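The structure appears below as structure tokens.
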Amino acid sequence: GPPLVFTITEVERDRGPMARNSVVNVGPFGFYLGEEGFWSFTGSGSKAIGDQKVDRFFLNDLDQNYIHRVYGAADPVSKMVYWAYPGANNSDGQPNKIIVYNWAIDRWATADITQEYMFRNLSVAVNLEDLDNFGNKLIATIVDGSTFEWDSDATGATSTRATVISGAPTATRQTLVSTPDRHLICFGTETTIGTTTTQDNMFIRWSDQEDTNTWTPSATNTAGSQRLTAGNKINAAVRSRGAILIWTDTALYQMQFIGPPFTFGFKQLGSNCGAVGIDAAIDISGMAYWMGNDSFFMFDGAVKKIPCTVQD
């Protein structure tokens with residue numbers, strides 16, 4: 001406050017960032033690229049986080065002519081910091097590599113992705129993983145919120161807002177439409193529909209077949225529910241060949257349409273192989289790939305760890 005307004009205190013000497021855009025701030029933490037490698041700063045001093053892990057690899061790969069093109073960004077939810085940089089075989093200094101640090105588990109990973117820049121963005125919790133199609137209807141779910149539908153065939157569709165799906169759960173982590181049987185599935189949802197305080201991160205509920213408004217099971221419909229047991233939270237779900245793959249924070253499950261009376265069957269496919277977040281898994285032609293807490297994995301009928309050249 002007045003009269004000086006601000007005070008400036010030197011907390012560390014002889015160390016600083018070699019690229020100004022490499023500095024990333026996340027709450028009480030700071031991360032940056034120094035002359036000797038990667039560092040974290042907690043307020044009292046810097047700590048080497050890449051020494052004997054990735055520093056030598058990174059500094060050898062970095063194009064020294066374009067150090068100023070190193071950009072950092074953070075994902076505070078997944079506790080990861082990303083640095084994009086121009087590595088070997090870059091084109092005129094355009095960043096073509098990404099190195100990733102997870103500060104919660106002190107692990108590193110790399111990727112070859114060409115991009116112009118990265119930035120941190122905070123937005124309403126709707127993302128592409130929470131958008132799906134049910135015929136001509138677009139289904140959208142706000143993470144830990146309600147599920148909406150928008151009818152593209154309706155009169156005046158382009159000037160009509162999406163509406164909350166009647167009868168559907170009101171607190172859900174993620175939704176997905178199963179194919180070809182067409183059930184709307186809610187993951188991490190309410191055990192009592194309409195009561196948000198009953199949201200269970202391991203609970204799955206699905207609507208009646210071809211009907212997004214009927215969720216209460218009866219002898220005349222195929223609506224139902226199931227609670228998974230391995231883990232604390234469902235983190236991701238994707239459609240795969242003939243089934244839906246579901247990742248908790250510790251395990252991988254398969255959800256497969258089997259018809260009456262149970263509608264869906266559930267099978268645990270692996271343990272100690274959970275996904276770190278809702279966007280961490282992808283399926284390509286029946287083969288799934290995902291990022292776990294300490295490794296990358298794939299599933300081609302069996303869960304396998306993917307070798308990582310920079311992992312301790």
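Owing to the predicted nature of the structure, the values given are computational and were not obtained by experimental measurement. Heavy-atom basis, side chains included; hydrogens, waters and symmetry copies ignored.
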(message) If hydrophobic residues (ILVMFWY) are linked whenever their side-chain heavy atoms come closer than 4.5 Å, directly or via other members, who joins Phe262 in its cluster?
(response) Ile258

(request) List the atom of Ile204, the atom of Met255, and the distance in Å for their closest heavy-atom pair. (result) CG2-CE, 4.3 Å

Between [X] (side chain only) and [Y] (backbone N and O only), is there a donor and an acceptor less than 3.5 Å apart?
{"X": "Glu190", "Y": "Ala171", "answer": "yes"}
{"X": "Trp39", "Y": "Glu36", "answer": "no"}
{"X": "Asp208", "Y": "Asp211", "answer": "no"}
{"X": "Asp55", "Y": "Leu59", "answer": "no"}

Using a distance-only test with no angle check, is there a side-chain donor-acceptor pair under 3.5 angstrom linking [X] and [Y]?
{"X": "Thr195", "Y": "Thr197", "value": "no"}
{"X": "Thr263", "Y": "His183", "value": "no"}
{"X": "Asp283", "Y": "Ser240", "value": "yes"}
{"X": "Ser40", "Y": "Tyr32", "value": "no"}
{"X": "Tyr85", "Y": "Asn96", "value": "no"}

(request) Decide, yes or no, whether a salt bridge links Lys79 with Asp75 under the criterion of side-chain N to carboxylate O below 4.0 Å. (result) no

(message) Any carboxylate oxygen within less than 4.0 angstrom of a Lys/Arg side-chain nitrogen, looking at Asp63 and Lys97?
(response) no

(request) Using the ring-ring contact (aromatic ring centres under 6.0 Å, His included) rule, pick out the option among Phe57, Tyr101, Phe58 that qualifies with Phe38. (result) Phe58

(request) Mark yes or no: Arg182 above the aromatic ring of Phe134, with NZ or CZ under 6.0 Å from the six-membered ring centre and no more than 45 degrees from the axis. (result) yes

